[in-house]
Amino acid sequence: VKRKLPKITVWRAIFAVILLSGLYATWLRVFYGLGGSTNLSDKFPWGIWIAFDVMCGVGLAAGGFTLVAMVHIFNIAKYKPILRPAILTAFLGYTLVVVGLLYDLGRPDRLWHPLVMWNPHSVMFEVAWCVTLYSTVLFLEFLPVVFEKFGLHKPLEWIHRISVPLMILGVLLSTLHQSSLGTLFLIVPEKLYPLWYTPILPLLFYVSAIAVGLAMTIFESWHSSRAFGRALELPLLAGLARVLAVVLSVYLWIRFLDLSHRHAFSLLTQNRPETWLFALEIALMAIPTVLLYQSSIRLRPGALYVCAVMVVLGFITNRLNVGTTGLEAGSGTHYVPRWSEVAITLSIVAVGFATFRVIAQYFPIFEAHSHSEAHSGLETKEEDAVAVG
Amino acid sequence: MSKAILYDSTLCIGCKACEQGCAERWGLPYNDKIAAEEQISAHKLTAIETHGDKFCRRLCMNCAQPACASVCPVGALQKTTLGPVVYDASKCMGCRYCMQACPFQVPSYEWSSRLPKMRKCDMCFERQSQGKLTACAEACPVGATKKGDRDALLAEARQRLADKPDQYYQKIYGVSEVGGTSVLFLSAVPFEQIGLRTHVPQEPLPETTWRVLELVPDIVSTGTVLLGGVYWITNRRAEVAKKEGRR
């Protein structure tokens, strides 16, 4: 414990610095508008608050629906112990996306407008509805944790009764808006660099969201095991890593086919920033894919963690490329986020980590499974040990 | 009968009277400093650009099938039957998707305002619905900007190309760009030389997203059956396993 203390204080200091700069940036945003707090312009109306806070935020929260589908719809019960942290991450993720939107919208007080003023032809309208409904679903999926904590058995029963349709709804809504974030950019064929612009952008966004959802689940399990001194659910995570390797392979193969059908490979010979950013993004996805096929990597916590981090970074690079850098040439301008944009984004991430920690400390996020796991846990471990080798 | 504007770059003398007329119509300030700005912005909804000895006007193209109106999540932008694409600031929540989607980079934002609005030319919708000319067409002393019915203006533009083939680049910008626009351009030189975007798609942009959006009901219905079915199968399997004492 003594050795841990100074480490925590360093993190706390960093946390405090981030929050203070975020607070100052918030003041700039409120009193000087988007012009006084961002480097956005008429030619470049979307920056990192959209490309990171919203597009990455929603994607990184995809572990929620992926694991719900695996555990409750495909009935792969062994993953149950990591379901709750994934749902919590998703719920926090979506809450923080809304916070990010409040910063980015010119009129945050009108956030509710799409719910009342409809335009079914707008992708943004669809995303707004899906995100609103899905956040509600996530809230309901998380409620049992609260009920359990306070021993409310009646409502617990009641919510279990609607849980199946609720989960199916959640998976459907996620499928819709995860892909729709890609559809958003189909309207800019002449602006988005052709390495990224493709009619199948929605499909690519969907598959990569599933991949990053799995990677984030591994990421957060690793972190929470360190933070709370829990044993890492290694056989489970190794199994998840297997799924991740397959999903990533499918993703990379679709991207390869897409580039080849669009005859876009010749673009890779050009020495432009886009080429290098594309290479970075693909490398960050391809390297962990290859590594995760090795059982020795999957079963080493450190190596598994590094692979998950690479996938997360590759995903973030992809979303930033589609949302910002890939649009620069087509928009005829350059965009580098202002410090205040970065400060607010970092603050949102920091608040996310801190809130997760606090909730995980006071609510049965990790303990609960030890009960539900009791009868099936042993068998699962054996199964995995064989499967993983 | 959809209204349109025909801008003939070969007639334009760069006097910027259109800019002044536009500023007056919107109640925006106009002075030498603003006149010198050769780009549209939230305080300047039309601008005359100088390209060597040629001029070109920038304004909202008021597309036949506008990307901005299709992407607006709250329907603040609408294409009117009269021709103009109008904006209802009271609906706008400031997502700026219209700005991202516009292939001509027309919509501007009041970046420094605390309660910002999007700004763009609306082809003087109010004046036009009263049967008046647009402010720019009224101000133009040489007839470089002309207002009228789109069909009539197209016919006139073709006539000008035919009458003086050596003075015109033999194309009309805005006929098929993004499926047609309500602002048409004539020029002495190829359009990219006076700063017009010639790489815009020739199909209406709303199609690109609608092709995916229209699948939503299919995805929802198929997905419900599929997921419900998978749940039914896998849980039946679990039930049977339980009964046979395998768990």
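Side chains are part of it too, since the values below use all heavy atoms of this structure and drop only hydrogens, waters and symmetry mates. Letters go in sequence order (proteins before strands), and every chain restarts at 1.
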Does any backbone or side-chain atom of [X] lie under 4.5 Å from a heavy atom of chain A? Answer side chain, backbone, both or neither.
X      : value
B:Q100 : both
B:R197 : side chain
B:P103 : both
B:A69  : backbone

Distance-minimising heavy-atom pair for [X] and [Y]:
X      : Y      : value
B:V74  : A:H113 : CG1-CB, 3.5 Å
A:L186 : B:T208 : O-OG1, 3.1 Å
A:H121 : B:W210 : ND1-CE3, 3.6 Å
A:D42  : B:A42  : OD2-N, 4.3 Å
A:M124 : B:C95  : CE-SG, 3.9 Å
B:T234 : A:F74  : CG2-O, 3.4 Å

Leading residue by heavy atom contact count with chain B [cutoff under 4.5 Å; candidates [options]]:
options                       : result
A:L40, A:L173, A:L111, A:V116 : A:L40
A:W46, A:W129, A:F185, A:F125 : A:W46
A:P45, A:G35, A:G33           : A:P45
A:T183, A:L101, A:I50, A:V188 : A:T183
A:S122, A:S37, A:S180         : A:S122

If I measure from the heavy atoms of chain B, does [X] come under 4.5 Å with its side chain, its backbone, both, or neither?
X      : value
A:S331 : both
A:P114 : both
A:P120 : backbone
A:L115 : neither
A:K43  : both
A:V123 : both
A:L105 : both
A:V30  : backbone

Hey, is [atom1] on [X] packed in by over 12 heavy atoms from elsewhere, all under 6.0 Å?
X      : atom1 : result
B:E214 : CD    : yes
A:Y32  : OH    : no
A:W339 : CH2   : yes
B:E126 : CD    : no

Taking every non-hydrogen pair under 4.5 Å, which of B:A76, B:A101, B:S41, B:G228 racks up the most with chain A?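 Highest number of heavy-atom pairs under 4.5 Å: B:A101.
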
Chain A interface, residue from B:P201, B:A67, B:C72 that has the most non-hydrogen pairs under 4.5 Å: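 Max contact count across the listed options: B:C72.
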
Do any of residues 107-118 of chain B have a heavy atom less than 4.5 Å from a heavy atom of chain A, and if so, which, in residue order?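 Near chain A, by residue number: B:P107, B:S108, B:Y109, B:W111, B:S112, B:S113, B:R114, B:L115, B:P116.
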
How many angstroms lie between atom [atom1] of [X] and atom [atom2] of [Y], to the nearest 0.5 angstrom?
X      : Y      : atom1 : atom2 : value
A:I73  : B:L226 : CD1   : CG    : 9.5 Å
A:M117 : B:C92  : CE    : SG    : 10.5 Å
A:T175 : B:I219 : OG1   : CD1   : 8.0 Å

When you compare the side chain of A:I187 with that of B:S70, does any pair of heavy atoms fall below 4.5 Å?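 Yes, their side chains come closer than 4.5 Å.
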
Is any side-chain heavy atom of A:D104 closer than 4.5 Å to a side-chain heavy atom of B:R96?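 When only atoms from C-beta onward are counted, B:R96 and A:D104 do touch, with a gap below 4.5 Å.
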
With A:E126 via salt bridge (Lys or Arg N to Asp or Glu O under 4.0 Å) - residues at least two apart: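 By the salt bridge (Lys or Arg N to Asp or Glu O under 4.0 Å) rule, A:E126 matches no residue at all.
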
